[in-house]
Amino acid sequence: MSNPYNPETVELAAQKFWDDARSFEVGEDADKDKYYCLTMFPYPSGKLHMGHVRVFTINDVIARYHRLQGKHVLQPMGWDAFGMPAENAAIQRGIPPAKWTYSNIDDMRGQFKRLGYGYDWSRELTTCRPEYYRWEQWLFTRMFKKGLVYRKNSIVNWDPVDQTVLANEQVIDGRGWRSDALVERREIPQWFMKITDYADELLEELDNLPGWPEPVKIMQRNWIGRSEGVELSFDVAGEGEPLTVYTTRPDTLMGVTYMAVAAEHPLASKAAQSNPDVAAFVEACKKTDAQEATLETMEKKGMPLGISAIHPLTGDEVPVWVANFVLMSYGTGAIMAVPGHDARDWEFAKKHGLPIKQVIAPTDGSRIDIDEAVYLERGVLVNSGKYDGLDFDSAFNAIAKHFEATGQGQRKVNFRLRDWGVSRQRYWGTPIPIIYCDDCNAVAVPEDQLPVVLPEDVELKGTGSPLKDMPEFVNVPCPQCGKDAKRETDTFDTFVESSWYFARYTCPDSDDAMLDERAKYWAPVDQYTGGIEHAILHLLYSRFFQRVMRDEGLTDVSEPFTNLLTQGMVLKDGAKMSKAKGNVVDPQELIEKYGADTVRLFMMFAAPPEQSLEWSDEGVQGSYRFLKRFWTAVQEHTAGGPAAKLDADSLTGQLKELRRKTHQTIAKISDDFGRRHSFNTAVAAAMELLNAINKLADESAAGRAVAREALQAVVVMLSPIVPHICHELWQVLGNESALIDETWPEVDDSALQLEQVEVVVQVNGKLRGRVTVAVDASKEILQAEALADDNVQRFIDGKAIRKVIVVPGRLVNIVV
RNA sequence: GCCCGGGUGGCGGAAUCGGUAGACGCAACGGACUUAAAAUCCGUUAUCCGAAAGGGUGUGCGGGUUCAAGUCCCGCCCCGGGCACCA
């Protein structure tokens with residue numbers, strides 16, 4: 001071969017062409033059909049990993065496909081640049097987080113360009129730049145004025161040795177990752193955003209997102225967790241204040257045999273003062289981390305407080321316990337326990353010898369033994385006095401009505417969703433624009449004093465934020481009264497930056513508003529691609545922020561992402577590839593060895609996008625081999641000179657067959673790209689077509705014309721996945737235009753027509769033969785042909801035919 | 001613990017609406033080319049029985065619906081993701 005495939009030469013030339021032609025820079029053209037194609041931006045960890053290559057390649061394929069379909073495509077890229085790894089690097093290696101981050105960004109940008117992604121780099125965003133975070137500080141101050149943010153105490157993981165707050169991932173088996181000390185729960189004041197104000201809308205509008213995967217919508221619905229229940233008060237003997245609880249099962253009220261409160265509940269604190277055992281228990285409850293998974297799986301412990309609540313219907317006394325599984329921050333910090341009809345209450349009652357009372361019976365009248373197993377179904381009330389015999393709905397209504405009349409309770413819609421705590425006790429984040437004044441309390445930084453710039457030249461020691469030790473940052477006059485005041489030193493959760501970056505890409509250089517007119521042209525994002533691990537938090541926060549921006553008059557759009565593709569993880573050794581786990585595979589080596597196209601092709605071919613992909617180093621070779629065969633096939637074809645014009649109507653035999661395959665493949669790949677996002681099967685179809693082209697050894701004018709048409713189609717259709725080699729081969733095929741400006745091939749329906757079709761014959765559902773019949777053969781002919789088959793005869797011989805099922809074009813099933 | 005996915009040859013996966021299980025690729029084996037190796041090309045490859053024709057078995061496990069189940073229903077097991085401070 002005189003002209004072997006050299007990926008590096010081919011790829012650098014194609015990239016230079018796109019750069020020189022500014023192929024991916026787009027403006028706002030009202031006459032064009034816009035398509036905003038976005039991928040979740042990366043954290044600049046410094047090294048590209050396979051998860052990045054996967055998600056960015058998927059998105060680039062979709063973007064390039066829609067461009068070939070004639071859309072005006074925007075595909076931007078940027079950096080989710082704040083976060084913990086930069087602080088860790090600073091502590092371990094003494095490099096300031098900013099310096100480390102900017103250097104990582106430069107490295108990764110280079111890697112992305114080498115992979116040939118079609119980004120509009122003129123819109124690049126970096127969230128740790130004041131030009132960016134200034135606007136989220138601004139939005140926060142607007143939310144502050146509207147009462148959409150507030151400050152309250154909440155629980156953090158406290159490392160008593162390092163004297164610092166730990167992230168959940170820094171807690172390993174209940175201990176601090178550096179100190180190995182047992183982590184404690186500690187309450188500190190933090191800022192919250194009222195996402196619960198939007199709970200109803202966020203829930204209801206999930207129904208208007210047909211372009212989202214169903215599992216993601218289900219997860220969000222469950223997360224928001226709307227429930228209808230009753231909030232009611234139990235008087236406590238000897239106490240002035242009643243104990244308020246929320247229940248979704250008021251029908252089980254007569255089954256209450258005890259109450260339980262959180263360790264931080266005022267009743268527990270009060271009992272602890274006189275009872276040292278309770279005091280010790282309350283202390284012990286705080287010696288655990290604050291993760292839900294820990295709380296749900298730990299041993300359920302509790303002890304009686306020695307006080308009683310009065311059952312609001314019977315007047316009976318029920319004991320009040322303190323329990324480690326009841327949390328102050330959820331609901332009212334107290335629960336009514338119905339051990340007969342709640343799994344956790346049942347388990348707890350069994351363990352502590354508390355009474356279990358059956359108040360619900362199965363609707364079918366069957367008997368159950370409540371001492372043997374808890375009964376969770378909605379049924380008919382029993383042992384409930386005047387409510388006996390009622391079903392769930394009637395009992396719910398009757399009991400709710402009763403308490404509304406007595407004033408002891410009311411119906412209440414509750415959400416599992418909690419307000420979003422955005423304070424982080426860390427340095428490397430957006431400063432929260434608040435100033436604390438002894439006289440004026442918390443004051444928002446005025447708009448003309450924004451941004452509050454994060455000092456970048458710092459030294460991190462690993463014990464708390466260095467901002468606290470910087471008087472020039474902390475000490476400021478109060479914006480309201482001018483007296484000496486202090487700046488907030490907490491920073492925002494990094495999810496805040498990622499909750500609106502998609503909108504900012506439309507106008508990244510706007511310096512007099514968060515968003516300008518250009519946002520109206522591009523929003524919403526037409527296609528959003530990212531990891532399934534973001535199915536709840538990031539996507540829910542973004543939907544919330546979009547609505548906050550809407551209500552601020554910045555946009556008319558409520559839903560930020562019209563279509564969502566959640567790609568599966570790249571796993572290595574059965575676990576998520578992550579910097580934390582240290583099981584990252586470096587794609588750089590593969591790019592150097594085989595080129596970007598091979599890596600892109602392999603990632604798209606190895607698994608369907610939604611499924612997780614277990615990484616293995618094998619198989620890349622096969623993708624490389626395919627590209628070489630592809631290259632050689634085109635070179636050998638063009639060596640024979642230009643092909644003659646195709647006369648489709650005169651084709652016969654294998655030429656007609658190859659042309660049919662070409663058009664079947666166009667139809668298949670169009671569907672796989674556009675509708676199914678099934679790139680692995682699209683690649684397989686292209687491979688099959690190329691195999692068929694290679695098998696055809698017909699150097700006649702008609703043969704060359706058919707082969708040329710097939711090769712041209714493969715080059716265009718594979719170009720979203722392997723754009724560099726296709727760019728080159730398009731030129732080799734003698735085309736004057738640039739492939740990036742071409743259009744997708746069209747299916748010629750007349751080429752798809754078949755005369756004969758093979759039909760499977762089954763006897764009792766087992767495959768026994770095949771017959772070939774005319775495409776339009778009637779059911780009767782089909783049945784007759786099937787029965788005439790020799791092998792079929794062997795199996796039906798001497799038996800009565802009970803039934804024959806004929807599915808035209810597919811099969812005949814003979815039941816004997 | 002709770003919520004959401006997944007489980008198909010030696011491996012990655014295909015089978016799109018209940019209708020031929022294993023497309024496409026990897027690996028392996030056999031052959032061609034070569035002094036040799038690499039590269040490339042051709043062939044075989046779920047498994048068991050059989051010389052072949054053909055037949056039995058087979059989509060994590062146990063049941064069920066159906067003429068027909070990888071696909072639908074019920075009950076399990078195992079693996080992955082999320083669980084509010086990793087991003």
Side-chain angles (χ1 to χ4, degrees), chain A residues 1 4 40-43 45 80 82-85 156-157 165-171 190 213-216 218-219 221-223 225 290-298 325 343-344 417-426 493-495 498 531-538 540-541 566 568-569 571 574-576 578-580 602 605-608 610-616 618-623 625-626 628-629 632 668 671-672 675-676 678 680-681 683-688 691 758-762 764-768 770 791 794 802-805 807 810-815:
Chain A
M1 172 53 69
M40 292 177 188
F41 66 166
Y43 178 81
S45 57
D80 189 11
F82 278 134
M84 276 203 319
V156 294
N157 300 308
V165 174
L166 297 180
N168 284 337
E169 107 170 327
Q170 297 172 316
V171 179
Q190 308 209 65
E214 207 52 48
V216 173
I218 293 169
M219 281 191 269
R221 273 188 205 107
N222 292 340
W223 186 261
Q291 299 183 56
E292 188 182 294
T294 308
L295 297 167
E296 292 274 347
T297 51
M298 71 188 175
F325 59 87
R344 199 170 54 183
L417 179 69
R418 308 198 300 267
D419 278 336
W420 177 12
V422 293
S423 295
R424 295 293 179 269
Q425 296 70 45
R426 287 183 220 298
D493 177 5
T494 56
F495 272 124
S498 56
I532 184 67
E533 69 271 25
H534 293 294
I536 297 174
L537 292 178
H538 162 62
L540 194 63
Y541 292 150
T566 47
M569 316 255 172
L571 306 180
K576 175 180 170 180
S578 74
K579 7 183 204 311
F602 176 70
F605 184 52
E610 297 87 353
Q611 279 179 31
S612 55
L613 181 155
E614 171 69 37
W615 178 260
S616 86
E618 299 146 4
V620 179
Q621 185 78 32
S623 295
R625 259 204 300 264
F626 170 75
K628 280 198 283 188
R629 276 207 308 277
T632 307
K668 160 99 180 131
D671 189 44
D672 280 353
R675 178 182 64 91
R676 298 211 303 154
S678 174
N680 54 331
T681 54
V683 172
M687 286 175 168
E688 273 191 68
N691 289 344
E758 189 185 73
V759 169
V760 167
V761 186
Q762 297 177 337
N764 286 345
K766 283 185 192 284
L767 178 64
R768 299 302 181 194
R770 298 158 198 277
N791 200 44
R794 281 179 48 208
R802 285 167 44 204
K803 197 172 180 183
V804 178
I805 287 117
V807 184
R810 284 212 172 264
L811 62 69
V812 179
N813 188 12
I814 301 157
V815 185

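In what follows, chains carry the letters A, B, and so on, assigned in the order in which the sequence lines appear, proteins first and then strands, with residues in each chain numbered from 1.
Applying the ring pair (Phe, Tyr, Trp, His ring centres under 6.0 Å) test to F605(A) and every residue at least two apart in sequence or in another chain returns nothing. For R675(A), the salt bridge (Lys or Arg N to Asp or Glu O under 4.0 Å) partners at least two apart in sequence or on another chain are D671(A). Scored by the side-chain contact (heavy atoms from CB on, under 4.5 Å) test, V807(A) finds I805(A), R810(A), L811(A) as partners (sequence neighbours excluded). The salt bridge (Lys or Arg N to Asp or Glu O under 4.0 Å) test applied to E296(A) returns no partner, not counting sequence neighbours. Legend: residues meeting ring pair (Phe, Tyr, Trp, His ring centres under 6.0 Å) with F495(A), ordered by chain and number and at least two apart, are Y541(A). R794(A) meets the side chain to side chain donor-acceptor pair (under 3.5 Å) test with N791(A); sequence neighbours excluded. Applying the salt bridge (Lys or Arg N to Asp or Glu O under 4.0 Å) test to R770(A) and every residue at least two apart in sequence or in another chain returns E758(A). The salt bridge (Lys or Arg N to Asp or Glu O under 4.0 Å) check on R676(A) picks up D672(A), with sequence neighbours excluded.
A syn orientation is assigned to C17(B), its glycosidic angle lying within 90° of 0.
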Under 3.5 Å, which protein N or O atoms sit close to an N or O of nucleotides 56-58 of chain B? Give each pair with its distance.
| from | atom 1 | to | atom 2 | distance (Å) |
| --- | --- | --- | --- | --- |
| G56(B) | OP1 | R768(A) | NH2 | 3.0 |
| G56(B) | OP2 | R768(A) | NH1 | 3.2 |
| U57(B) | OP2 | K766(A) | NZ | 3.2 |

Show me the protein contacts with nucleotides 21-24 of chain B, counting only N or O atoms at under 3.5 Å.
| from | atom 1 | to | atom 2 | distance (Å) |
| --- | --- | --- | --- | --- |
| A23(B) | O2' | E688(A) | OE2 | 3.1 |

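When each of N813(A) and S423(A) is assigned the nucleotide of RNA chain B with its nearest heavy atom, N813(A) is the one assigned upstream, toward the 5' end.
Atoms CG (L166(A)) and P (C85(B)) sit 14 Å apart, rounded to a whole Å. Summarising the geometry, the separation between CD on E214(A) and C1' on C4(B) is reported as 12 Å, rounded to the nearest angstrom. Distance E296(A) CD to G1(B) P: 10 Å, rounded to the nearest Å. For L613(A) and G7(B), the CG to C1' distance is 16 Å, given to the nearest whole Å. Atom CD of Q190(A) and atom P of C85(B) are 8 Å apart (whole Å).
Within 4.0 Å of V759(A), counting heavy atoms only, lies no atom of the nucleic acid at all.
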Could you spell out the base pairing of RNA chain B as a dot-bracket line? Use Watson-Crick and G-U wobble contacts where both distances are under 3.5 Å, [ ] for crossing pairs, | for partners on a different strand. (((((((..(((......[....))).(((((.......))))).((((....))))..(((((..]....))))))))))))....

Base versus backbone protein contacts along nucleotides 37-47 of chain B [heavy-atom cut-off under 4.0 Å; B, S, -]: --SSS------

